[in-house]
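Data first, discussion second: the structure below is written as structure tokens.
Only heavy atoms go into these numbers, but all of them, side chains included; no hydrogens, no water, no symmetry mates. Quick caveat, the model's predicted, so the values are computed rather than measured.
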Amino acid sequence: MAAATESKMVHSAVVTYSSMLSLLSLCPPFVILLWYTMVHADGSVAQTWNFLKQHGLQGFIEIWPRPTAMAWKIIFIYGAFEAALQLFLPGKRVEGPISPTGNRPVYKANGMAAYFVTLITYISLWWFGIFNPTVVYDHLGEIFSALIFGSLIFCIFLYIKGHVAPSSTDSGSSGNIIIDFYWGMELYPRIGKNFDIKVFTNCRFGLMSWAVLAVTFCIKQYELNGKVADSMLVNTILTLVYVTKFFWWEDGYWNTMDIAHDRAGFYICWGCLVWVPSVYTSPGMYLVNHPVNLGTQLALYILLAGILCIYINYDCDRQRQEFRRTNGKCRVWGKAPSKIEATYTTTSGETKTSLLLTSGWWGLSRHFHYVPEILAAFFWTVPALFNHFLPYFYVVFLTILLFDRAKRDDDRCRSKYGKFWKLYCNKVPYKIIPGIY
């Protein structure tokens, strides 16, 4: 199936092309404007808007930091370190789902080890006075600028590789250069036999940078004020709990839409290399210069609510993963699971069977796990309170992203399972929010 087929099934051609071109052209400058507003404009969209209105394009060019040697050095050392951990740390052998062309990718599950080695190394470098993480914060604009341009070049490399040296038969062109660049050419691109590019961009660079920057913002606030506000502590702890959950469950992530269905192009790879470090971390970025004293009681309430949401999100994924691992022979909420046995035909003409779970969390709605994920994002943002809207941009973005992903996933499953998906939707009628949507 061509890389763009899925997107065409979900949206009209006009919406598809306009959204792709908009994201390709608007996301890079938005990253810089977000950083500038958070760090230099007091988090005020109005202040940034007034500056741009007064100074125009020349003003925007002036606030766009130029990539510096220090920025490239930080990115290279971090990327090389994470690539080395991905390649050389031990881990169990894990097989991914069978692809539409019948391939089954093999991974080395060492994400949790890489995560702890990364954080311990980073904090130790600061603790022993070898490297001060505030350097990262002080050069953050230059780092984001370098990532924007470097990641665009990397996506061009992926486009060329998909044409001339694909890693597997799970690759192909739609015949349209914009679609191929945006959605990607290859499903499982690799360098050599063992270095999986999407595991690196999505997990080891992108998600790992989220945790590293959360720690960085915490240390920067400490060095600025001599203490860390409880609002920053709540944000940092919840972020680290969420990222820890991710790496604990990383082999489950390899079965999700990001890895098993979305190809390696601008949408996924540029997003993880640039959008995750800049947008996902933005609530903490704002809190560096805007410490809020929540008080012990409110801070604990927010912290516990956030941890509960992260746990429910994890348990949703664990429940489905256990159901698949045991081929439905497990207990869900203390009893045998309710399920639908769905048959489908692969692109090679083989008939295969999948089990669709219709009880437990997955009986509440078809994508219930998105509800606690969105709420968790709200709880690690709400310590910023409500003086400015911009810290909540990530929550809004995540909500739009997950609702769109639910639609794309439903359309893909409808096409794959046919009448069985209709039966599943009759049994689990709500898409995301039980009783509402």
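The 12-atom threshold is not exceeded at CZ of F76, counting heavy atoms of other residues, nucleotides or ligands nearer than 6.0 Å. Within 6.0 Å of the OH atom in Y301, the count of heavy atoms belonging to other residues, nucleotides or ligands does not exceed 12. For CZ of F195, the number of neighbouring non-hydrogen atoms (other residues, nucleotides, ligands) closer than 6.0 Å is greater than 12. For I177, the CD1 atom is loosely surrounded, since the number of other residues' heavy atoms within 6.0 Å does not exceed 12.
Y182 is listed as a side-chain neighbour of L23, based on a closest heavy-atom distance under 4.5 Å. In this structure the side chain of H55 never reaches within 4.5 angstrom of the side chain of I63, judged on heavy atoms. Residues Y137 and E223 have side chains not in contact (no heavy-atom distance under 4.5 Å, counting atoms from C-beta outward). For the pair L187 and S168, the minimum side-chain heavy-atom distance is 4.5 Å or more. Within the 4.5 Å cutoff, no side-chain heavy atoms of P65 are placed close to those of H139. L207 has its side chain out of reach of N202: every pair of non-hydrogen atoms, C-beta onward, lies at least 4.5 Å apart.
A donor-acceptor contact under 3.5 angstrom links the side chains of S354 and Y417, judged on distance only. Side chain to side chain, N103 and T101 meet the donor-acceptor criterion of an N or O pair below 3.5 Å.
R318 has a carboxylate O that lies under 4.0 Å from a charged side-chain N of D315, or vice versa, which qualifies the two as a salt bridge. Salt bridge annotation for E373-K245: absent, with no cationic side-chain nitrogen under 4.0 angstrom from a carboxylate oxygen. Between D410 and K407 there is no salt bridge, since no side-chain N of the basic residue sits under 4.0 Å from a carboxylate O of the acidic one. We find that R366 and D409 are not joined by a salt bridge, their nearest charged nitrogen and carboxylate oxygen being 4.0 Å or further apart. Looking at K220 and D138, a side-chain N of the basic residue comes within less than 4.0 Å of a carboxylate O on the acidic one, giving a salt bridge.
Between F51 and Y36, the two ring planes are tilted [angle within 30° to 60°]. Using the six-membered ring where Trp is involved, F131 and Y122 have ring planes that are tilted, between 30° and 60° apart. Between Y437 and F403, the ring planes are parallel. Angles under 30° get that label, and only those over 60° would be called perpendicular. Ring geometry for Y314 against Y311 counts as tilted: the plane angle lies between 30° and 60°, on a 0 to 90° scale. In this structure, Y267 and W183 have tilted ring planes: the angle between them lies in the 30° to 60° band. Below 30°, between 30° and 60°, or above 60°: for Y370 and H367 the angle between ring planes is below 30°, a parallel geometry.
Between L147 and the choices V31, L152, V274, the side-chain contact (heavy atoms from CB on, under 4.5 Å) rule is met once, by V274. None of F205, Y280, F30 except one satisfies the ring-ring contact (aromatic ring centres under 6.0 Å, His included) rule with W275; the exception is F30.
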Does the pair R414 and D411 meet the rule for a salt bridge (Lys or Arg N to Asp or Glu O under 4.0 Å), with working shown?
-> CA-CA 5 Å; R414 186 178 296 110; D411 279 53; 3.4 Å; yes
Derivation and outcome, side-chain hydrogen bond (donor to acceptor under 3.5 Å, both in side chains), residues Y115 and T244 | CA-CA 8 Å; Y115 174 64; T244 303; 2.9 Å; yes
Taking it one step at a time, do S44 and D42 satisfy side-chain hydrogen bond (donor to acceptor under 3.5 Å, both in side chains)?
-> CA-CA 5 Å; S44 170; D42 198 37; over 6 Å; no
Derivation of the side-chain hydrogen bond (donor to acceptor under 3.5 Å, both in side chains) call for N176 and S174 = CA-CA 5 Å; N176 184 298; S174 67; 5.4 Å; no
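Between W210 and F246, the gap from one ring centroid to the other reaches at least 6.0 Å. Two rings, from F60 and W64, have their centers less than 6.0 Å apart. Outside the 6.0 Å centre-distance limit, the rings of F266 and Y159 are not counted as a close aromatic pair.
Without hydrogens or angle criteria, S25 side chain to S22 main chain gives a donor-acceptor distance under 3.5 Å. Between the E186 side chain and the S167 main chain, a donor and an acceptor come within less than 3.5 Å of each other. Checking side-chain atoms of R104 against main-chain N and O of G96 turns up a donor-acceptor pair under 3.5 Å. No donor-acceptor pair closer than 3.5 Å links the side chain of N194 to the backbone N or O of L87.
Remark: R204 fails to qualify as a cation-pi partner of Y253 under the 6.0 Å distance and 45° angle criteria applied to the six-membered ring.
If you take CD1 on I143 and NZ on K73, they are separated by 12.5 Å, rounding to the nearest 0.5 Å.
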